There are 2 protein chains.
Amino acid sequence: MGITKTEHFTEQQNELSVLAKAIGHPARIAIIQHLIKVNSCVCGDIVNELPLAQPTVSQHLKELKNAGLIKGNFEGNAICYCLNEEGFGKIKVFFESINTYLENQKNQCC
Amino acid sequence: MGITKTEHFTEQQNELSVLAKAIGHPARIAIIQHLIKVNSCVCGDIVNELPLAQPTVSQHLKELKNAGLIKGNFEGNAICYCLNEEGFGKIKVFFESINTYLENQKNQCC
DNA sequence: TATTTATATTGCAATATTACGATAAACTAG
DNA sequence: CTAGTTTATCGTAATATTGCAATATAAATA
């Protein structure tokens, strides 16, 4: 069906899946890594950094923005992008709990 | 097209995207959370934990396994599942670098 | 105002994902 | 061996995602 039965899962599970899904594409990971690498807001050169056409990049940026992983503000002609702490904060909590569990785990049978 | 241009991205970017994509579904997050909650290997009750048909759950388990996020061993009639540290370790590094960046970031303009 | 530059939207084709019924496969118990 | 239990696979329908050409929009500047 391609349709996810979101209504059967908790709000937290759906929220986390949206965030992870947004990260689940190499182009969007490349965008995130570029924003970190440049270490400041990036105004208008994201399209040139990626091996994809402008509409495609625009779409990926939109998805990252909708998921709350990046922010974008108009800066004259261009748009400045940077990471959005809010989205990453939510994932952080999830992965920290997993890591804590894995570190303390004793009775592993697999 | 629905087809990702993986050849244009680095191996690390593709690997991370596969892991994030595998987590990017509420059913698969529910599976991960259940394995943590029970705090031991879970042998054969995963299907009953999820509001989805057995073939669908089997498919989700397969995807988590292929991505390296869970392990599954035959235990007589049933199969025992638990988290796979290897997969989560790779994501951990990625998110730690993002968190370090976000914590030290000074010149935010967005 | 007209032109240029940067980004977004639309529309569409190709492919991927999600879900499940039917069925198969593998093991246990009797 | 037969029946029951558990998990995997196949086949298929419905929907989602990816990518881009064409086009629209918006701001800056001449």
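A note on names: the letters A, B, ... follow the listed sequences, proteins ahead of strands, and every chain is numbered from 1. Predicted, not measured: the structure shown is a model, and the values here were computed from it. Values below: all heavy atoms of this structure, side chains included; hydrogens, waters and symmetry mates excluded.
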When you compare the protein's N or O atoms with those of nucleotides 26-30 of chain C, which come within less than 3.5 Å of each other, and at what distance?
| unit_1 | atom_1 | unit_2 | atom_2 | d |
| --- | --- | --- | --- | --- |
| C:dC27 | O2 | B:Asn77 | OD1 | 3.3 |

Inset, instruction - Please check if the side chain of B:Ser58 supplies one atom and the backbone of B:Pro55 the other of a donor-acceptor pair under 3.5 Å. - result: no
Inset, instruction - State, to 0.1 Å, how close B:Gly72 and B:Tyr81 come at their nearest heavy-atom pair, and which atoms those are. - result: CA-CD2, 3.7 Å
Inset, instruction - Kindly give the heavy-atom pair with the smallest separation between A:Leu16 and A:Lys90, and that separation in Å. - result: CD2-O, 3.9 Å
Inset, instruction - Kindly state which residues belonging to residues 6-31 of chain B come within less than 4.0 angstrom of DNA chain C, counting heavy atoms of the residue only, listed by number. - result: B:Lys21, B:His25, B:Arg28
Inset, instruction - May I ask you to test the B:Ile29-A:Gln12 pair for a side-chain heavy-atom distance under 4.5 Å? - result: no
Legend entry - Closest listed nucleotide, where the reference is the side chain of A:Ala53 and the choices are C:dT15, D:dC20, C:dA8: D:dC20
Legend entry - Gap between atom CD1 of B:Ile46 and atom CD of B:Glu49 - 0.5 Å precision: 8.0 Å
Legend entry - Of residues 54-68 of chain B, the positions that come close to DNA chain C - non-hydrogen atoms, cut-off under 4.0 Å: B:Pro55, B:Thr56, B:Gln59, B:His60, B:Glu63
Legend entry - Selected nucleotide, minimal atom distance to B:Lys5 side chain, candidates C:dT7, D:dG19, C:dC20: D:dG19
Legend entry - Heavy-atom pair of closest approach, residues A:Ala22 and A:Leu69: CB-CD1, 3.7 Å
Legend entry - Spacing of CD1 belonging to B:Ile91 relative to CZ belonging to A:Phe94, to within rounding of 0.5 Å: 8.5 Å
Legend entry - Test side-chain hydrogen bond (donor to acceptor under 3.5 Å, both in side chains) applied to B:Glu63 and B:Lys21, B:Arg28, B:His25, the passing residue: B:Arg28
Legend entry - Which residue lies more 5' along DNA chain C, comparing A:Thr4 with A:Gly44 via nearest heavy atoms: A:Gly44
Legend entry - Rounded distance (nearest 0.5 Å) linking atom CD of A:Gln54 with atom CD of A:Gln59: 11.0 Å
